Peer 1: 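Submitted below is the structure of interest, expressed as structure tokens.
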Number of protein chains: 2
Amino acid sequence: MAATARRPDRGEARAALLTAGLRLFADQGYAATTTRQIAAEAGVSHALLRYHFSSKAGLREAVDEDVLGSFARSFATAREEGAGRGTLAEAGRAAALVFGADRGRRRYLRRVLVDGDERAAQLLGRLVRGAGRELDRLTADTGALPAESRRWAAYQVLFLVLGPLLLEPALEVVLGADPFEPATLADRSAANQHLLQHGLLPPHDD
Amino acid sequence: MAATARRPDRGEARAALLTAGLRLFADQGYAATTTRQIAAEAGVSHALLRYHFSSKAGLREAVDEDVLGSFARSFATAREEGAGRGTLAEAGRAAALVFGADRGRRRYLRRVLVDGDERAAQLLGRLVRGAGRELDRLTADTGALPAESRRWAAYQVLFLVLGPLLLEPALEVVLGADPFEPATLADRSAANQHLLQHGLLPPHDD
DNA sequence: CCTCTTCCTGTCCAACTGGACAGGGAACGT
DNA sequence: ACGTTCCCTGTCCAGTTGGACAGGAAGAGG
């Protein structure tokens, strides 16, 4: 047992702080969370946070990297899996997989998007570009989108996907159920596909 | 000059506190805003907040009532104006009018929806019911929505409308412009109408 | 055996928080 | 003239905040 585990709990406390920070930042927001709360949930002294992460902001950076990195990996694998297929159903299933995966990380993502600093803008920019590329793939065979749809198409798709994520806590109450529970998610995803293909309302003058 | 103005600035400081609270709660969130910040922006002593509103929470209640009430009034008038018409374009114009009106109140609404307590659920519930009623009106002549659209239709419409509102700060950076600037808003509203009537993608097998 | 590094804790601190409270000063009714 | 009422302020307070720091436990390596 040379370097396998120098200490029985090597890195354990650090990971616990990271997990606690993730949960509390996601549920309450960064400003409303105290370092003592985090330490208490991790079961360590609040001074340890400073040792491992320098400061509260340092912990946030570490959590950011962890969560945003894990989402980037999810996207990458989802894209690889569905590569070449390029059907709407496939894209919907990939999106559901990515965003439905982990409640904690999903909620953290929501906080990042909503707290509205430059991290949010950066993330949103990546999401918009990703949605745009996906739309390009989907329309590769049938020709590009008409001009009047082109400008907002990626945003519209994104709003449909991100809406439940952004409103999750309130939506959970209104629905009376977890909006990302698999059956609900599949149902909503199907409805989104239907909307994107056929619209919602029958054509109508004016 | 009997009861017209008992004091030259009667109610002025109270209104200033309300306005400052609205702006700061909207921009930073309730928890991250201090009573002293609010008082400083209003140009009064922080002790005055307590005099007029009992507590920080009391000020929030007053702002809530002000903002949510003003939106309810906006909805009511928008509905009256467009009464009987019942076209999608009319509904889109009304929604744009309501949500595009006042940047400060719009941002406050965003905070309420996002901070995710029971106020958010209550508001979201009202919005969902409102969107559902609007959809019923729009489909009154052409017959009800098909079953597979019916369940999520109101939510989809809401996500399209609320998406830009929820993501406003990040969206502003990504777009490089105010997402609720009139021309942009009109353009997006038209794109939403197009999506709802015709879909985004041409019909496609699978 | 001793020492070093790593991880962790208890404890102190200055700054700030929301709130409490006594009092000041101006317009009002009398 | 004078007390009353309404706004408003300065100032104090106990509690909490993020952070600083000295030291302690324990395995690693000599």
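From a predicted model like this one, the values you see are computed outputs, not experimental measurements. Lettering follows sequence order; numbering is per chain, from 1.
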Peer 1: Does Arg105(B) make a cation-pi contact with Phe99(B) (under 6.0 Å, within 45 degrees of the axis)?
Peer 2: no

Peer 1: Classify the nucleic acid contact of Arg14(A) as base, sugar-phosphate or nothing, counting any heavy atom under 4.0 Å across all strands shown.
Peer 2: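 Result for Arg14(A) = nothing.
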
Peer 1: Using heavy atoms to find the nearest nucleotide of DNA chain D for Gln37(A) and Ala47(A) separately, return the residue whose nucleotide is more 5′.
Peer 2: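 Of the two residues, Gln37(A) wins.
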
Peer 1: When all nucleic acid strands are considered with a 4.0 Å heavy-atom cut-off, which category describes Thr33(A): base, sugar-phosphate, or nothing?
Peer 2: sugar-phosphate

Peer 1: Between P on dT17(C) and CD on Gln28(B), what's the gap in Å once rounded to a whole number?
Peer 2: 11 Å

Peer 1: Nearest whole Å is fine: how far is dG19(C) P from Phe53(B) CZ?
Peer 2: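 Those two atoms, CZ and P, are 13 Å apart.
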
Peer 1: Specify the separation, in whole Å, of atom CG of Leu17(B) and atom P of dT9(D).
Peer 2: 9 Å

Peer 1: So does His46(B) reach the base of dG19(C) with its side chain, donor to acceptor, closer than 3.5 Å?
Peer 2: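 By the distance-only test, yes, there is a pair.
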
Peer 1: For the aromatic rings, using the six-membered ring if either is Trp, is the centroid distance between Phe25(B) and Tyr30(B) under 6.0 Å?
Peer 2: yes

Peer 1: With sequence neighbours left out, what residues match Ala94(B) under side-chain contact (heavy atoms from CB on, under 4.5 Å)?
Peer 2: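 So Ala94(B) forms a side-chain contact (heavy atoms from CB on, under 4.5 Å) with Ala78(B).
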
Peer 1: Go through dT9(D), dT6(C), dT17(D) for me and flag the one nearest to the Tyr51(A) side chain.
Peer 2: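 From the listed options, dT6(C) comes nearest.
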
Peer 1: Fill in the dot-bracket string of DNA chain D, one character per base: . for unpaired, | for a pair to another strand, ( ) or [ ] for pairs within the strand, taking Watson-Crick or G-U pairs under 3.5 Å.
Peer 2: ||||||||||||||||||||||||||||||

Peer 1: Test Thr184(A) against Glu181(A) for side chain to side chain donor-acceptor pair (under 3.5 Å), laying out the working first.
Peer 2: CA-CA 5 Å; Thr184(A) 308; Glu181(A) 183 253 333; 2.7 Å; yes

Peer 1: Would you kindly give the CG-to-C1' distance between Leu48(A) and dA25(D), to the nearest whole Å?
Peer 2: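 After rounding, the gap between these two atoms is 14 Å.
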
Peer 1: Whether the Asp64(A) and Tyr108(A) side chains hold a donor-acceptor pair (N or O, under 3.5 Å, no angle test) is what I'd like checked.
Peer 2: yes

Peer 1: Please confirm whether the shortest side-chain N or O distance from Thr35(B) to OP1 or OP2 of dG18(C) is below 4.0 Å.
Peer 2: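 Yes, Thr35(B) has a side-chain N/O under 4.0 Å of OP1/OP2 on dG18(C).
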
Peer 1: DNA chain C: Val44(A) or Arg36(A), which has the more 5' nearest nucleotide?
Peer 2: Val44(A)

Peer 1: Between atom CG in Leu49(B) and atom P in dG18(C), what is the gap in whole Å?
Peer 2: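 Going from CG in Leu49(B) over to P in dG18(C) covers 9 Å.
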
Peer 1: Could you state the atom-to-atom distance from CZ of Arg60(B) to C1' of dG19(C) in whole Å?
Peer 2: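 Going from CZ in Arg60(B) over to C1' in dG19(C) covers 17 Å.
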
Peer 1: Working note: Arg129(B) + Arg133(B), criterion side chain to side chain contact (heavy atoms under 4.5 Å, CB included); need CA distance, chi angles, decisive distance, verdict.
Peer 2: CA-CA 6 Å; Arg129(B) 283 191 297 277; Arg133(B) 273 197 303 270; 4.3 Å; yes

Peer 1: Measure from NZ or CZ of Arg188(B) to the centre of the six-membered ring of Phe180(B), then state whether that distance is under 6.0 Å and the direction lies within 45° of the axis.
Peer 2: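 Verdict for Phe180(B): a cation-pi partner in Arg188(B).
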
